Amino acid sequence: EPEVTQTPSHQVTQMGQEVILRCVPISNHLYFYWYRQILGQKVEFLVSFYNNEISEKSEIFDDQFSVERPDGSNFTLKIRSTKLEDSAMYFCASSDPWEPQHFGDGTRLSIL
Amino acid sequence: AQSVTQLDSQVPVFEEAPVELRCNYSSSVSVYLFWYVQYPNQGLQLLLKYLSGSTLVKGINGFEAEFNKSQTSFHLRKPSVHISDTAEYFCAVSEDRGSTLGRLYFGRGTQLTVWP
């Protein structure tokens with residue numbers, strides 16, 4: 001069964017550094033998403049992406065964040081100037097129209 | 001914005017006992033409902049979905065859920081649990097975005113622990 005893959009599984013970064021989280025969505029899916037889960041809290045929506053542009057974003061997704069689909073297979077989340085509170089598990093998801101989202105195993109981001 | 005409430009943060013049960021994990025949502029507009037399961041060190045796996053049609057939906061691993069519009073609930077049930085069902089369960093809600101389902105709103109999750 002096709003799956004969403006995320007790399008790396010764990011990323012440790014110094015506060016203030018930039019980090020790029022990578023995702024390979026399921027081939028032929030059209031909709032892409034990023035969510036995060038801070039330890040002990042809810043899974044929170046960050047952004048959705050369709051047709052090479054952001055279709056929706058939450059209040060969490062400020063100027064510090066950006067997303068990109070640099071080629072036909074990758075979908076990346078960039079966090080500029082990371083803060084301690086960015087430490088979380090970040091999940092990528094993809095879907096077809098009117099179908100449930102399929103999630104990757106996540107990237108655990110630790111900011112020191 | 002949607003609000004999803006999972007009333008129980010932890011549910012301990014013995015093997016072969018029935019279980020119900022509760023989920024309530026806030027909006028009265030058309031919604032689409034999901035349960036996801038997360039095993040340790042893994043991502044979120046779709047357990048079942050309600051998009052339309054029969055209010056009783058069946059999912060993988062013997063789970064089922066019932067959509068109750070009047071009570072804005074979507075409780076998850078299994079008649080007999082196994083130790084392998086031990087995991088975190090998330091209820092999620094999505095709304096109509098015209099061309100597709102929208103973003104997911106998640107509950108806080110319920111940790112189901114099955115004891116031998």
Side-chain angles (χ1 to χ4, degrees), chain A residues 1-10 21 23-26 28-51 53-61 67 88-108, chain B residues 1-10 23-26 30-53 57-60 63 65 74 87-111:
Chain A
E1 184 178 328
E3 56 183 32
V4 176
T5 56
Q6 291 185 243
T7 55
S9 57
H10 191 188
L21 308 182
C23 169
V24 179
I26 293 173
N28 298 323
H29 276 187
L30 300 178
Y31 296 87
F32 313 110
Y33 308 83
W34 283 101
Y35 294 81
R36 78 174 185 189
Q37 184 181 27
I38 295 172
L39 191 62
Q41 297 187 24
K42 286 186 180 186
V43 177
E44 303 171 291
F45 168 78
L46 292 177
V47 66
S48 59
F49 192 85
Y50 168 72
N51 200 25
E53 60 183 26
I54 291 174
S55 49
E56 187 178 1
K57 61 182 181 179
S58 71
E59 60 279 4
I60 302 169
F61 195 88
V67 289
M89 181 73 88
Y90 287 80
F91 292 106
C92 174
S94 69
S95 73
D96 274 331
W98 298 107
E99 289 295 322
Q101 295 170 31
H102 295 256
F103 285 79
D105 284 346
T107 293
R108 181 169 299 282
Chain B
Q2 280 284 349
S3 174
V4 180
T5 303
Q6 291 183 245
L7 294 167
D8 306 300
S9 59
Q10 298 196 40
C23 173
N24 289 86
Y25 61 95
S26 62
S30 294
V31 293
Y32 307 96
L33 300 154
F34 309 87
W35 277 96
Y36 284 87
V37 59
Q38 185 179 31
Y39 299 101
N41 300 314
Q42 294 186 27
L44 299 164
Q45 180 183 359
L46 180 69
L47 204 54
L48 48 76
K49 64 185 179 187
Y50 172 78
L51 301 183
S52 64
V57 292
K58 295 189 184 297
I60 62 172
F63 283 93
F74 191 56
E88 185 101 27
Y89 291 79
F90 293 93
C91 180
V93 173
S94 178
E95 295 172 337
D96 190 330
R97 279 291 180 266
S99 61
T100 189
L101 304 175
R103 56 175 284 187
L104 290 170
Y105 297 83
F106 282 90
R108 285 192 174 276
T110 298
Q111 173 65 43

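Letters go in sequence order (proteins before strands), and every chain restarts at 1. Since we're looking at a predicted model, the values are computed, not measured.
In this structure, the portion of B:Leu51 lying under 4.5 Å from any heavy atom of chain A is its side chain and not its backbone. Contacts between B:Gln45 and chain A at a heavy-atom distance below 4.5 Å are absent for every atom of the residue. Contacts of A:Tyr35 with chain B are made by side-chain atoms alone, with heavy-atom separations under 4.5 Å and no backbone atom involved. Only the side chain of A:Glu56 comes within contact range of chain B, with at least one heavy atom under 4.5 Å from a heavy atom of that chain. Both the backbone and the side chain of B:Leu104 come within contact range of chain A, with heavy atoms under 4.5 Å apart.
Considering NE2 of A:His102 and OH of A:Tyr33, their distance stands at 11.0 Å, rounded to 0.5 Å. The structure places SG of B:Cys91 at 10.0 Å from CZ of B:Phe34, a figure rounded to the nearest 0.5 Å. Atom CD of A:Glu99 is separated from atom CG of A:Leu30 by 11.5 Å, given to the nearest 0.5 angstrom. Between the CH2 atom in A:Trp98 and the OG atom in B:Ser94 there is a gap of 8.0 Å [rounded to 0.5 Å].
Within the 3.5 Å criterion, the main-chain N or O of A:Gly106 finds a donor-acceptor partner in the side chain of A:Gln6. Looking only at distances, no side-chain donor or acceptor of A:Asp105 sits under 3.5 Å from a matching main-chain atom of B:Gln42. Between the side chain of B:Gln6 and the main chain of B:Tyr89, a donor-acceptor pair closer than 3.5 Å is present.
Residue with the most contacts toward chain B among A:Glu3, A:Lys42, A:Gln37: A:Lys42 (heavy-atom pairs, distance under 4.5 Å). The candidate with the highest count of non-hydrogen atom pairs below 4.5 Å against chain B, out of A:Ser9, A:Ser48, A:Pro100, is A:Pro100. Annotation: maximal heavy-atom pairing with chain A below 4.5 Å, among B:Phe90, B:Tyr36, B:Tyr32, occurs at B:Tyr36.
Scanning residues 89-97 of chain A against chain B with a 4.5 Å non-hydrogen threshold yields A:Phe91, A:Asp96, A:Pro97, sorted by number.
In this pair, B:Tyr50 and B:Phe74 present their aromatic rings tilted. The plane angle is within the 30 to 60° band.
Ring pair A:Tyr50/A:Tyr31: centre-to-centre distance below 6.0 Å.
Here the closest non-hydrogen pair linking B:Val37 and B:Ala87 is CG2-CB, 3.5 Å.
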